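Note sheet for the following structure.
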Amino acid sequence: MIALTFPDGARREFPQGITGLDVAKGISPSLAKRTVAMVLDGAIADLGDPIEADAKIEFLNRDDPRALELIRHDAAHVLAEAVQSLWPGTQVTIGPVIENGFYYDFFRNEPFSLEDFPAIEKKMREIIARDKPFTKEVWSRDETKRVFRDKGEKFKVELVDAIPGNEPIKIYNQGEWFDLCRGPHMTSTGKIGSAFKLMKVAGAYWRGDSNNPMLTRIYGTAFAKQEDLDAYVHQLEEAEKRDHRRLGREMNLFHFQEEGPGVVFWHPKGWSVFQSIVAYMRRRLAADYAEVNAPQMLDKSLWETSGHWDWYRENMFAAQSAGDEAEDKRWFAIKPMNCPGHVLIFKHGLRSYRELPLRFAEFGIVHRYEPSGAMHGLMRVRGFTQDDAHIFCTEEQLAEECLKINDLILSTYADFGFESDLVVKLSTRPEKRVGSDASWDHAEAVMTRVLEQIAARSGNRIKTSINPGEGAFYGPKFEYVLRDAIGRDWQCGTTQVDFNLPERFGAFYIDADGQKKMPVMVHRAICGSMERFLGILIEHHAGHFPLWLAPVQAVVATITADGDDYAHEVIAAARKRGLRVEADLRNEKINYKVREHSLAKVPAMLVVGKKEAAERTVSIRRLGSQAQTVLPLEQALAALVEEAVPPDLAGARKAA
RNA sequence: GCUGCCGUAGCUCAGUGGUAGAGCACUCCCUUGGUAAGGGAGAGGUCGAAAGUUCAAUCCUUUCCGGCAGCACCA
């Protein structure tokens, strides 16, 4: 006999090997009917599994959040069956559940297209309506391979070989169709319900390796209830509305064009926001960093010294004199990183231990030849500005410097409105790397300790994790990940410890004992790429920038031409106070103007007509609100000026 | 880079084997209107580039360039 503990705390004995289904039936037939799976000691299992030992048991119905994964996984199986029944000869591979749904990868000479979706969905509905039970069998390895080989499913045969020897080979049947699968599944296909949808089709490499054949992947999603599916589809539409590429065009911030793949044409308004961010960063750095500027192009030999020519050449641009007659035809590499330049600045002249830590910051523009398929608006470009810095310090100063950087990064994110759901990840030594194991051991030990301190200092508000093998080739790194308003994660900041570059360049300082010593070098970025960070901000705010960032903070719009003189006065007064304002004195109705500036996402409209001119007031309409507030001019401007103070200055003022 | 899809006016998109259209934006005119589109007229395109098929190509074919989705990549 075994003892099962139920969620209400009740404990009952059952014969060993009883199935979850029989336990449920014993309680009530209706429970058995609505249960799709069970949870044994916290792990989801097939309801038909025999229970062999004492456990806590819980029955899941399909509305339980934990069942969502099962619904999606089952839907993936049904998708595969539907595809194979519509296109016999198509090979099935894998079909896992992912964050917002599921996918299934197929091998077929003719790829699928969106036009195939209605037919596939129809077939899926048929299979679900049949409501065949999912039944599990355990097969022998050889048997499994033989069956799949006979069916021409060579990918499945490979999968069987990849299953560790001690694990059973499980086959799930759903009527006639079956699939190799780890499980668990619900009791029958009918439990999937009708709230599913195929989303898109794309290529994907077999087992994620670009040397392998390309498969066709069909993405889908499924929910317990139709309204959940509708809400999800709606959320996707919302995400599309805040796509920074669309907003960048609509708000006239920047553009791209064919002649410059992956490089940004910044328009006046976009550049204004960009410069507001840079100005903010400069203020934050003023106390501790010295800003420098290293050359854009340097002789190839320097990149050989740094190791980039060997390690990073595929991603670099190179340039030489364009003149046919030019004598000097040597190659210059356009910098993909700022670090070598900063090492050279450090190396210029003798450095004393008294100067350390020495912190060089640069808003350096780097160019990287990114794979064409990687480029994506501002998020992934070939030319971008880093808020980069390199810190040269002693071994003893290293941990303290990392913590100092941590404080700077976290407080910066907070100022931009990213305060919760921050994660710091430590990436450790990769397979391809430079430096001795001893120095990696040491660096990782220091950074592991710092990581613990980061978590502790934040009162465990900051989550931490480890990315094994994801470090840079020259050292371990911290990656700072923030979450935007619609729940997407972005890795922005990074702190990297480097014991490679100082050595390659022979950088040293004179220590207190008069001896040469090699400094430790720390690379760090906060926003990462300013372009990308701005892209994130656009999507985070859906284009509704806070006043301190908005390129045009207010538009002064007249009702009729009678207001023109006063409007000029208002604009002059606002500009005098440092506000970025524009005039709209066009011969258009106020409705038209309101609509246009609302679409352009101008935070404030100051409407002036006869009345306002006579009373020396303005009628304020804020973006996103229909309400109008009439205030005396001075008062209105003072409020806007106050609101437009950047968060660091506002914070400093409050502290004072 | 790989797979698939796409490329027509500044933007969003129709369209045809016989060298092009709409709406918005733009310019001008009328209108001076109190908080999300007043009316009229005009201007604007080597139909991504090159080669091929054809009497004839924006349309069919090939290659290249660029973009989108996903994969791989993100040092």
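Since the model is a prediction, treat every value here as computed from it, not as a measurement. Naming: A, B, ... by sequence-line order, numbering from 1 per chain.
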Phosphate-side-chain proximity, Arg207(A) and A72(B), N/O vs OP1/OP2 below 4.0 Å: no
Same-atom distance (C1') from A14(B) to C24(B), integer angstrom: 15 Å
For Ser272(A) against Pro551(A), the heavy-atom pair lying closest together: OG-CA, 3.5 Å
Whole-angstrom distance between G10(B) and G1(B), as gauged at atom C1': 32 Å
Aromatic ring pairing Trp271(A)/Phe274(A), orientation class (parallel under 30°, perpendicular over 60°, tilted between): parallel
Pro261(A) side-chain proximity, nearest of C2(B), G67(B), C71(B): G67(B)
Sugar-phosphate only, base, or nothing, as touched by Arg249(A) at under 4.0 Å among non-hydrogen atoms: sugar-phosphate
C1' gap between G18(B) and U58(B), integer Å: 12 Å
Which atom of Val434(A) lies closest to which atom of Phe499(A), heavy atoms considered: O-CE1, 4.2 Å
Nearest-Å distance for atom pair CE/P, residues Met316(A) and C74(B): 17 Å
Any strand: nucleotide that pairs with G4(B) via Watson-Crick or wobble, under 3.5 Å: C68(B)
Contact nearer the 5' end of RNA chain B, comparing Gly208(A) with Pro371(A): Pro371(A)
Side-chain-base donor-acceptor pair under 3.5 Å for Tyr205(A) and G1(B): yes
Whole-Å distance separating the CD1 atom of Ile98(A) from the C1' atom of G70(B): 10 Å
Nearest-Å distance for atom pair CG/P, residues Asp209(A) and G1(B): 19 Å
Separation of C65(B) P from Arg382(A) CZ (nearest whole Å): 11 Å
Spacing of CG belonging to Leu378(A) relative to CG belonging to Leu534(A), to within rounding of 0.5 Å: 6.0 Å
Selected nucleotide, minimal atom distance to Ala202(A) side chain, candidates G70(B), A72(B), G7(B): G70(B)
Euclidean distance, atom CD of residue Glu240(A) to atom P of U12(B) [Å, nearest integer]: 12 Å
Separation of atom CZ in Phe107(A) from atom C1' in G4(B), rounded to whole Å: 15 Å
Per-pair distances, 0.1 Å, donor-acceptor, side chain in residues 261-269 of chain A, under 3.5 Å, sequence neighbours excluded:
residue   : atom : partner   : partner atom : Å
His267(A) : ND1  : Phe265(A) : O            : 3.4
His267(A) : NE2  : His255(A) : ND1          : 3.3

N/O (side chain, His376(A)) to phosphate O (OP1/OP2, A69(B)) under 4.0 Å: yes
Heavy-atom closest contact (Arg622(A) atom, Pro603(A) atom, distance): NE-O, 3.1 Å
Sugar-phosphate only, base, or nothing, as touched by Tyr219(A) at under 4.0 Å among non-hydrogen atoms: sugar-phosphate
Watson-Crick/G-U partner (both atom distances under 3.5 Å) of A9(B): none
Arg586(A) side chain near C28(B) phosphate (N/O to OP1/OP2, under 4.0 Å): no
d(CD, Gln257(A); P, C65(B)) in whole Å: 18 Å
Arg382(A) NZ/CZ over Tyr369(A) ring centroid, <6.0 Å and within 45° of normal: yes
Any-strand Watson-Crick or G-U partner of C28(B), both distances under 3.5 Å: G40(B)
Reading 5' to 3' through nucleotides 34-47 of chain B, protein heavy-atom contacts under 4.0 Å coded B for base, S for sugar-phosphate only, - for none: BBBBB---------
Exercise: identify the closest heavy-atom pair between Val97(A) and Glu69(A): CG2-O, 3.4 Å
Charged tip of Lys197(A) within 45° of Tyr232(A) ring normal and under 6.0 Å: no
Watson-Crick or G-U wobble mate for G34(B), both contacts under 3.5 Å: none
Same-atom distance (P) from A20(B) to A9(B), integer angstrom: 14 Å
OP1 or OP2 of C68(B) under 4.0 Å from side-chain N/O of Arg245(A): yes
Any-strand Watson-Crick or G-U partner of G45(B), both distances under 3.5 Å: none
Touch class at under 4.0 angstrom, heavy-atom based, for Ala472(A) against every strand present: sugar-phosphate
C1' gap between U27(B) and A43(B), integer Å: 7 Å
Check: Arg380(A) side chain, C73(B) base, donor-acceptor under 3.5 Å: yes
Watson-Crick or G-U wobble partner of U58(B), both distances under 3.5 Å: none
Rounded distance in Å - CZ (Phe256(A)) to P (C68(B)): 8 Å
Heavy-atom closest pair, residues Gly95(A) and Tyr104(A): CA-CD1, 3.5 Å
